[in-house]
Amino acid sequence: MIENLVIVESPAKAKTIEKFLGEDFIVKSSYGHIRDLAKKNLGIEVDNGYNPQYIIPDEKKNVVKELKKLVKEAKEVWLASDEDREGEAIAWHLMNVLELDKKKTKRIVFHEITKDAIQKAIQNPRPIDENLVNAQQARRILDRLVGFEVSPILWKKVKPSLSAGRVQSVAVKLLVEREREIMNFKSESYFKASGLFKTAKNEELKADLTDKIKSQKDTQAFIELCKSAQFNVKDISKKPGKKSPAPPFTTSTLQQEASRKLGFSVAQTMTVAQKLYESGKITYMRTDSVNLSEMALNSAKNVINKEFGEKYVKIRHFKTKTKGAQEAHEAIRPTFLDKQEVSGSDNEKKLYDLIWKRTIASQMSDAELEKTSIYITISNSEHEFLAIGEVLKFDGFLKVYIESSDDENDEDIKGLLPQVTKGEKLEYNSVQAIQRFTHYPPRYTEASLVKKLEELGIGRPSTYAPTISTIQNRGYVVKEDRPGNERNYTVITLSKGVIKETTKTEITGAEKSKLFPNNIGMVVNDFLEKHFDEIVNYNFTAKVEEEFDEIANGKLEWPKMIDKFYKPFHKTVEKTLETSGKSVGERILGNDPATGKPVSVKIGPYGPMVQLGLKDEDEKPQFASLQKGQMLETITLSEALALFKLPRELGAYENKKVVVSIGRFGPYVRHDAKFVSLKKEDDPYTIELGRAIELINEKREKDSKKTIKTYSEDPDLFVLNGRWGPYISYKKQNYKIPKGTDAAELSYKNCLDIINKDSDSKSIKKEKTGKNSAPKTKSKKPSKK
DNA sequence: CAGTGAGCGAGCTTCCGCTTGACTT
């Protein structure tokens, strides 16, 4: 017989709580939701008051079975899921599925996992809040209606397997809008002048002109003036300043900082954090709260006191600013703040270190600064120079942690300025004006997109990472690096009375790990904006959240709210299905000057493509795929026509055709059924036969050196030299040679050992990945009754 | 990564939020 059964959401939490509660309590986990809408069809009886069809998903059957068994043995059952909308619903589903007596069901909540908090909770049970549950049901049903009615329209009108939803479609829209802003951005140049001066005490003082100068002509004129100008210190001002630490981590801020400081993707951050959580090193990692428990605050105080001294302690209570935050948990922090380091993988150590520093810093004193500004007048000009220096008077929290910023221009490190007096005359060493350019708004990274979604109140801590993955998996968006372009800029320098003008080059616009919308993402976004403006509106979530709140407060009935949304929405769905044509982003670019045939671009069955000619003519139209990075909406007629120039036949070599084209791995030459990649400096559109032959011969020579060893025992076995050094090839499979082995010395038996060892680990890996993708292959089995 | 895609015949795909698991005797 069990005295008490407590059910929480997470197994790691269950373990911790069990310790606090003593022998009379058994604590189990529900592993999140145990019921969901039926997966087939809508799972909602639209004509029957939107009655939801709940089922227990296969992967939850075992959990439910075990809980049912325990409930039968238990005298008392406590539902201790999180104190938020989803948690309340989990408790309600548990009550129903486990057939608990409504009157006797004890619902308890706590925000902190501390002994005190839990024992207090046990003393204050309450009934399940049905209004809050209804708000969750409305949320769930609305999301299902949107997702499962709009996605199939995309299958018909754009491409199969696409998806749309309240959250993901807005994420894509943010990226598409930003990309178009960038496309339309016109960069303007201006000049930034700065001077190096010599003070009376013969020290150097660097100052920047307070305003920009637009044209090169005006800049030249200004520099000319400086030649004969007198420079004086007009004013010196000293102002105290302070900096305060950032609040402790939430899911979103952790993802942002781990991305900036450690280069983690948001998914990676969550995986590593999960490990730390499961091994008891940090508190729960899916949270929107910046709150720390009293126990944690006390512990932080002690640690700071001990490590840095009393001066550095400043206990703070942060308030969340996030829209729609539900604050069911604490902020993300180390479980034991006195543990500065933990064991584990490198990434776990790094992430823990970040969390420790951020948490500790959040309870430390402000940093105190002194900011000095020196204004310098120019006798023959209205312009003014300004030198700014910043001195740290007291480091405070900066001793431990400095928050990073997404702004790449945050480079200025200011230091101490030399002593000058008001009115002092300064000599110039040099005056320099550098041409700069206005920059388009930055592209989103995964983490900065999460930040933006959070600001809009869209998505939850548990869904940020999956949402970012979904929009990439659907092909709406790619995360990648892109090289920049060279750009010239002018530098005008005045030194020793001589003005010099030079042209320099720089690389601009290079992107690293940024999110770029693909053509399909743009087409889908435009389709949704045209037909489902309401859903992709940035305020849609905020609007429905207000109504969910009304439901939670008992002021609105959920079926009414859903009905008010669904009636007009469903009409739009039907109208769109009937009236809208295929939406494939088609653009007519013009006519081919050679044949007079029309040229158009659109999304084809294999991706974005160019079409030359029309379907209904005698001659079939020609097709060619767009290349990576080419956009339907910006490609020009000549760029599109260039795509038909490949494959190009260059001529013959050794009586065999030499053909150049572009494939999956970039531009290549084909000759005698062999492929040779073009070098970076070669252009497939202009390369000539001579150069192609050169490449072919180069490859041949390489190949001749490719075979290191063959074996008489087995003709299928080779030791080869590849791009990544020597490797073993056996029956079309390749195997790594262990480090420190001389490839030329490998015996037949050595090779077989390597092959056998390797295929063992390979088959294990394969099994694993096979299982992860199981839902896809699984669906093949006939499931009809 | 060990190589340079391509036309209907079949049924399937999809949402957002909670949470981790993983099939062998």
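Just so it is clear, the structure is predicted and the values come from calculations on it, not from any experiment.
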**Request:** Could you please name the option among dC15(B), dT19(B), dC16(B) that lies closest to any side-chain atom of E9(A)?
**Result:** dT19(B)
**Asked** Counting side-chain heavy atoms from CB outward, which of dT13(B), dT14(B), dG17(B) is closest to Q168(A)?
**Response** dT14(B)
**Any donor-acceptor N/O pair, N518(A) side chain to G521(A) backbone, under 3.5 Å** = no
**Prompt:** Which is true for V146(A) with a 4.0 Å heavy-atom rule: it touches a base, it touches only sugar-phosphate, or it touches nothing?
**Reply:** nothing
**Prompt:** Got a salt bridge between R460(A) and E86(A), using NZ or NE/NH1/NH2 to carboxylate O under 4.0 Å?
**Reply:** no
**Prompt:** For S661(A), which contact category applies under a 4.0 Å heavy-atom criterion: base, sugar-phosphate, or nothing?
**Reply:** nothing
**Asked** Is there a side-chain polar atom (N or O) of S462(A) under 4.0 Å from OP1 or OP2 of dC18(B)?
**Response** yes
**Request:** Ignoring the backbone of E278(A), work out which of dT20(B), dT19(B), dC15(B) is nearest its side chain.
**Result:** dT20(B)
**Message:** Using a 4.0 Å heavy-atom cut-off, does L37(A) contact any base of the nucleic acid, only the sugar-phosphate backbone, or nothing at all?
**Reply:** nothing
**Request:** Examine the base of dT20(B) for any acceptor or donor lying under 3.5 Å from a partner atom in the side chain of S10(A), and report the outcome as yes or no.
**Result:** no
**Request:** Taking only the side-chain heavy atoms of R166(A) (C-beta and beyond), determine which of dC15(B), dC18(B), dC16(B) contains the nearest atom.
**Result:** dC16(B)
**Prompt:** Can you find a donor-acceptor N/O pair under 3.5 angstrom joining the side chain of S161(A) to the base of dT13(B)?
**Reply:** yes
**Asked** Can the positive tip of R144(A) be found less than 6.0 Å from the middle of the six-membered ring of F148(A), inside 45° of the ring normal?
**Response** yes
**Prompt:** Going through the distances and angles, do H111(A) and E330(A) end up as a side-chain hydrogen bond (donor to acceptor under 3.5 Å, both in side chains)?
**Reply:** CA-CA 6 Å; H111(A) 309 228; E330(A) 270 189 79; over 6 Å; no
**Fill in**
Side-chain atoms of F623(A) come closest, of dC16(B), dG7(B), dT19(B), to dG7(B)
**Message:** Students often get this wrong, so: under 4.0 angstrom with heavy atoms, is G32(A) touching a base, only sugar-phosphate, or nothing?
**Reply:** base
**Message:** Both D82(A) and G165(A) contact DNA chain B. Taking the nearest nucleotide for each, which residue is further toward the 5' end?
**Reply:** G165(A)
**Request:** On DNA chain B, check which nucleotide each of E149(A) and M609(A) is closest to and give me the residue with the more 5' one.
**Result:** M609(A)
**Message:** Whether the side chain of R140(A) and the base of dC15(B) hold a donor-acceptor pair under 3.5 Å is what I'd like checked.
**Reply:** yes
**R474(A), nearest nucleotide to its side chain (from dC16(B), dT14(B), dT20(B))** = dT14(B)
**Message:** Please determine whether a side-chain nitrogen of the Lys or Arg among R700(A) and D672(A) lies less than 4.0 Å from a carboxylate oxygen of the Asp or Glu.
**Reply:** no
**Message:** I'd like to know if the side chain of E18(A) and the backbone of K15(A) have a donor-acceptor N/O pair within less than 3.5 Å.
**Reply:** no
**Request:** Identify whether any heavy atom of T470(A) sits under 4.0 Å from a base atom; if not, whether one sits that close to sugar-phosphate; answer base, sugar-phosphate or nothing.
**Result:** sugar-phosphate
**Fill in**
Side-chain contact check for F675(A): nearest option of dC16(B), dC15(B), dT4(B) is dT4(B)
**R286(A) vs dT19(B): side-chain N/O to OP1/OP2 distance below 4.0 Å** = yes
**Asked** With respect to the phosphate group of dT20(B), does any side-chain polar atom (N or O) of Q274(A) fall under 4.0 Å of OP1 or OP2?
**Response** yes
**Item:** Any R460(A) side-chain N or O less than 4.0 Å from OP1/OP2 of dC18(B)
**Value:** yes
**Request:** Taking only the side-chain heavy atoms of S625(A) (C-beta and beyond), determine which of dG17(B), dT19(B), dA6(B) contains the nearest atom.
**Result:** dA6(B)
**Request:** Looking only at side-chain atoms of Y668(A), point me to the closest of dT19(B), dT4(B), dT14(B).
**Result:** dT4(B)
**Request:** Look at the aromatic rings of Y566(A) and H570(A) and report parallel, tilted or perpendicular, splitting at 30° and 60°.
**Result:** parallel
**Prompt:** Mind checking the C1' distance from dC12(B) to dC8(B)? Whole angstroms is fine.
**Reply:** 15 Å
**Request:** Mind telling me if dG21(B) is syn or anti? Syn here is a glycosidic angle within 90° of 0.
**Result:** anti
**Message:** As a test of reading the structure: which of dG17(B), dT20(B), dT19(B) is closest to the side chain of T463(A), going by heavy atoms?
**Reply:** dG17(B)
**Item:** Face-to-face contact Y31(A) to dC18(B) six-ring, under 5.5 Å, under 30°
**Value:** no
**Prompt:** What is the nucleic acid contact for P11(A), judged by heavy atoms within less than 4.0 Å: base, sugar-phosphate only, or nothing?
**Reply:** sugar-phosphate
